[in-house]
Amino acid sequence: ISSLPLSFGHTPRMCYIGHMESTPILLTEGQCGYIAGILDGEGWLGITIRKRAWKRSIVPHYHRPACVVGQAKAPILDWLMNTLGSRDIGVDRRSQFQNLRLHPPCLRWMLPQVLPWLVLKRRQAEILIEFMADCRYKGKELTHEQWAKREQLRIEIMQLNEKPRGRFS
């Protein structure tokens, strides 16, 4: 898998490049500022939920941190893929609008580095960093308190991500 070219021109319709633990990359200040600008303008940072249908549990769903960057044109996404490395990134090309998903192992080392440069999505990034600091259970059953804390963070980030309603003049 690691031999796949890091380019949207050569990536299949759906490609999960990796889910292994990501090797941290030390980003330059310029890269941090540029990535922060992309996330502020084109990114979505949130916590998704998944049903636990395969296992009986005291909690109705589990939580997963997520970061998606959407673009109609590939060069910015190609640059992100090449800068952040080939692991822990997924590409969705089902439509003309392309999405790049940064998975938790990448987010664990990338978000703390770009946090000082974030403006619009700073609080969302802080929530994800807090969530992932306490998120190393790998399939173990959570206590109700652990699950409730994650749910509280999910609700807070969801409220921050709400689009404004009404018309703008």
Side-chain angles (χ1 to χ4, degrees), residues 16-19 21-52 59-95 97-138 142 144-166 168:
Y16 291 97
I17 296 179
H19 292 284
E21 194 62 32
S22 182
T23 303
I25 296 171
L26 183 61
L27 301 169
T28 67
E29 285 189 11
Q31 290 171 327
C32 287
Y34 194 66
I35 292 169
I38 292 169
L39 292 178
D40 272 339
E42 307 295 334
W44 179 85
L45 288 88
I47 298 172
T48 61
I49 57 173
R50 303 279 181 160
K51 297 280 185 193
R52 294 191 71 137
V59 297
H61 56 263
Y62 69 93
H63 304 92
R64 180 178 168 96
C67 177
V68 179
V69 178
Q71 276 286 306
K73 298 189 179 186
I76 290 176
L77 301 180
D78 286 339
W79 181 86
L80 274 173
M81 289 175 69
N82 287 312
T83 302
L84 299 177
S86 64
R87 290 179 162 191
D88 308 306
I89 294 173
V91 179
D92 186 350
R93 294 188 54 209
R94 287 182 268 193
S95 68
F97 195 78
Q98 300 164 15
N99 290 314
L100 179 71
R101 291 174 310 286
L102 304 175
H103 298 298
C106 177
L107 293 175
R108 276 191 177 91
W109 60 263
M110 187 268 299
L111 282 178
Q113 290 185 68
V114 302
L115 184 65
W117 285 269
L118 286 169
V119 177
L120 301 174
K121 307 275 173 62
R122 179 184 290 267
R123 181 62 189 140
Q124 287 94 322
E126 290 170 346
I127 292 169
L128 286 183
I129 291 168
E130 179 183 348
F131 179 90
M132 290 184 292
D134 189 38
C135 187
R136 297 229 181 225
Y137 297 98
K138 303 232 180 201
L142 297 174
H144 184 69
E145 292 78 25
Q146 291 168 322
W147 182 87
K149 180 182 179 194
R150 290 179 178 196
E151 183 67 6
Q152 178 184 7
L153 293 172
R154 182 188 72 82
I155 290 168
E156 182 182 351
I157 205 169
M158 185 177 68
Q159 291 169 344
L160 289 168
N161 286 333
E162 279 184 357
K163 293 181 181 178
R165 296 176 192 237
F168 296 98

Residue pair [X] / [Y]: nearest heavy atoms and the distance that separates them:
| X | Y | answer |
| --- | --- | --- |
| L102 | L107 | O-CD1, 3.5 Å |
| M132 | P65 | CG-CG, 3.8 Å |
| Q98 | A72 | NE2-O, 4.3 Å |
| A125 | L115 | CB-CD1, 3.8 Å |
| L27 | Q113 | N-OE1, 2.8 Å |

Do the side chain of [X] and the main chain of [Y] share a donor and acceptor less than 3.5 angstrom apart?
| X | Y | result |
| --- | --- | --- |
| R101 | C67 | no |
| E156 | R123 | no |
| Q124 | L45 | no |

Could you tell me whether the side chain of [Y] reaches within less than 4.5 Å of the side chain of [X], counting heavy atoms only?
| X | Y | answer |
| --- | --- | --- |
| Q31 | W117 | no |
| K121 | L160 | no |
| E151 | R154 | yes |

Study note, to complete from the structure: Here the salt bridge (Lys or Arg N to Asp or Glu O under 4.0 Å) pairs for residues 25-43, sequence neighbours left out, are none

Practice item. For W147 and H63, run side-chain contact (heavy atoms from CB on, under 4.5 Å): C-alpha distance rounded to whole Å, both residues' side-chain angles, the deciding distance at 0.1 Å, then the answer. Key: CA-CA 8 Å; W147 182 87; H63 304 92; 3.3 Å; yes

Euclidean distance, [Y] [atom2] relative to [X] [atom1], rounded to 0.5 Å:
| X | Y | atom1 | atom2 | answer |
| --- | --- | --- | --- | --- |
| L111 | L128 | CG | CG | 6.0 Å |
| D78 | T83 | CG | OG1 | 10.0 Å |
| I127 | Q152 | CD1 | CD | 9.5 Å |

Study note, to complete from the structure: Exactly one of L84, I76, L80, I38 clears side chain to side chain contact (heavy atoms under 4.5 Å, CB included) with L100, and that residue is L80

**Study point:** Sole candidate of N99, L39, N161 that passes side chain to side chain contact (heavy atoms under 4.5 Å, CB included) when paired with W44
**Key:** N161

